[in-house]
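Here is how names work: the chains are called A, B, and so on, in the same order as the sequence lines, proteins then strands, and each is numbered from 1.
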Number of protein chains: 2
Amino acid sequence: MAADELKLENQVCFALYAASRAVTSLYRPALDALGLTYPQYLVMLVLWERGPVLVKELGQALDLDSGTLSPLLKRLEAAGLVRRQRCAEDERAVRVYPTDEGGALRDRAMSVPRKLSGATGMGLAELEALRENLVRLTEEITAQQD
Amino acid sequence: MAADELKLENQVCFALYAASRAVTSLYRPALDALGLTYPQYLVMLVLWERGPVLVKELGQALDLDSGTLSPLLKRLEAAGLVRRQRCAEDERAVRVYPTDEGGALRDRAMSVPRKLSGATGMGLAELEALRENLVRLTEEITAQQD
DNA sequence: CACAACCAAGTTGTGCACAACTCAATGTGC
DNA sequence: GCACATTGAGTTGTGCACAACTTGGTTGTG
């Protein structure tokens with residue numbers, strides 16, 4: 001009956017909410033040792049992978065707006081991990097550069113996922129399947145919002 | 001090689017983070033119409049299902065602590081949806097009761113999941129499989145933290 | 001050229017999450 | 001009976017998310 005379906009719906013969304021917070025809290029001790037929060041870690045991952053990027057590009061990569069990114073980047077800058085500079089070509093835009101210290105943090109961050117990979121209790125294939133389902137779900141949902 | 005595995009790890013956790021925010025934003029318009037935030041909606045779901053519960057029980061059901069729940073419940077109380085009362089048997093504990101208005105909101109909330117169930121682009125079986133994987137992942141992770 | 005439309009960041013305000021702490025009530029061992 | 005630990009809520013402080021708005025820069029059009 002319909003009520004089952006509706007209840008299942010709620011459970012999926014709650015499961016997602018709970019799982020996301022659980023994974024973040026699993027990362028927390030390792031990231032604390034690096035002096036990073038989880039969203040800050042995501043920003044650094046983008047910088048380590050791509051090098052200097054515009055704030056706008058960070059926002060597209062992580063699906064975050066300037067209201068979240070501006071203060072976060074200010075804190076990363078205060079921590080000496082990134083540098084911000086206005087674009088010469090377009091004075092509206094700001095490019096984010098990893099500093100030497102920010103780049104060096106990459107080596108220490110390499111060990112973070114290694115510490116956590118065993119904690120999921122799932123095999124690689126299962127994790128990959130889960131990831132693909134999550135990505136598909138996210139894409140379907142964001143497509144609805146056009 | 002190891003780097004692939006580590007990168008996959010990151011992607012699973014980012015996929016989770018992104019999917020959770022996407023689902024919450026999908027709920028937002030419907031919940032706005034009810035005057036609820038998503039965490040407030042979760043609290044009301046527990047109250048609708050179980051009736052009056054202790055703050056501690058709410059915390060166990062949603063995996064939230066008093067630092068999150070106390071101000072949230074204060075806002076629900078200010079909105080007239082719940083009432084809080086000290087336990088007679090144990091003066092430390094506080095029981096949360098849905099008000100008449102809070103109970104009546106259930107009928108309007110019934111239509112919320114219906115509006116959203118189609119937006120996932122996934123069938124019931126797929127959603128159930130996804131939910132089970134998420135629950136298992138959450139359980140494995142929280143078991144690590146003992 | 002003027003000017004409206006648009007755009008990238010940043011700011012402000014609200015509401016979670018979560019750590020660390022306080023406080024009062026309860027439970028425990030001696 | 002009484003020190004002492006434990007427990008349940010609440011408070012404080014920090015850092016996201018996100019809506020709404022502001023500011024300064026750019027672009028398109030008449």
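A search for salt bridge (charged side-chain N to carboxylate O under 4.0 Å, His left out) contacts involving A:R21 returns nothing, not counting sequence neighbours. Judged as a side chain to side chain contact (heavy atoms under 4.5 Å, CB included), and not counting sequence neighbours, the contacts of B:E132 are B:E128. Shown here are the salt bridge (charged side-chain N to carboxylate O under 4.0 Å, His left out) partners of A:E91, two or more places apart in sequence or in another chain: there are none. Contacts of A:E139 classified as salt bridge (charged side-chain N to carboxylate O under 4.0 Å, His left out), with partners at least two apart in sequence or in another chain: none.
Regarding A:L31, its CG atom lies at a distance of 15 Å from the C1' atom of C:dC18, rounded to whole Å. Distance, A:Y27 OH to D:dC16 C1': 18 Å, rounded to whole Å. Rounded to whole Å, the distance from CG on B:L64 to C1' on D:dA9 is 14 Å. In this structure, CG of A:L36 is placed 19 Å from P of D:dT14, rounded to the nearest angstrom. Rounded to an integer number of Å, the gap from CG of A:L58 to P of D:dC16 is 13 Å. In this structure, the CG atom of B:L69 is 18 Å from the P atom of D:dT12, given to the nearest Å. Here the C1' atom of nucleotide C:dA17 and the OH atom of A:Y17 are 8 Å apart, to the nearest Å. Residue B:F14 contributes atom CZ, which lies 11 Å from atom P of D:dA17 at whole-angstrom precision.
In this structure, A:V23 and B:C13 approach most closely via the heavy-atom pair CG1-CB, 3.6 Å.
Applying the salt bridge (Lys or Arg N to Asp or Glu O under 4.0 Å) test to every pair with at least one member in residues 100-112 of chain B, sequence neighbours left out, gives no pairs at all. Every pair passing salt bridge (Lys or Arg N to Asp or Glu O under 4.0 Å) that includes a residue from residues 43-72 of chain A is listed here, sequence neighbours excluded: A:E49-B:K7. The list of side-chain hydrogen bond (donor to acceptor under 3.5 Å, both in side chains) pairs with a residue in residues 77-86 of chain B, not counting sequence neighbours, reads B:E77-B:R84, B:R83-B:Q85.
The residue among A:E57 and A:T24 whose nearest nucleotide of DNA chain C is located toward the 5' end is A:E57.
Proximity of a side-chain donor or acceptor of A:S20 to a complementary backbone N or O of A:Y17 within less than 3.5 Å is not detected.
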Sugar-phosphate or base contact per nucleotide [nucleotides 19-28 of chain C; S, B, -; heavy atom under 4.0 Å]: B-----BS--
Convert the base pairs of DNA chain D into dot-bracket notation, remembering that pairs crossing earlier ones are written with [ ] and that bases paired across to another strand are shown as |; include only Watson-Crick or G-U pairs under 3.5 Å. ||||||||||||||||||||||||||||||
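A chain of hydrophobic side-chain contacts below 4.5 Å, direct or via other Ile, Leu, Val, Met, Phe, Trp or Tyr residues, connects A:V46 to A:M44.
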Contacts under 3.5 angstrom, residues 26-33 of chain B side chains, donor-acceptor by atom type, not counting sequence neighbours:
none

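Counting heavy atoms from C-beta outward, B:T24 and A:L16 have side chains that stay 4.5 Å or more apart.
For the atom pair CZ (A:F14) and CG (B:L62), the distance works out to 5.0 Å, reported to the nearest 0.5 Å. Rounding to the nearest 0.5 angstrom, the gap separating the CG atom in B:L58 from the CG atom in B:L64 is 9.0 Å.
Listed by residue number, B:T37, B:P39, B:Q40 are the residues of residues 37-56 of chain B with a heavy-atom contact under 4.0 Å to DNA chain C. Of the residues in residues 73-87 of chain A, those lying under 4.0 Å from DNA chain C by heavy-atom distance are A:K74, A:R84.
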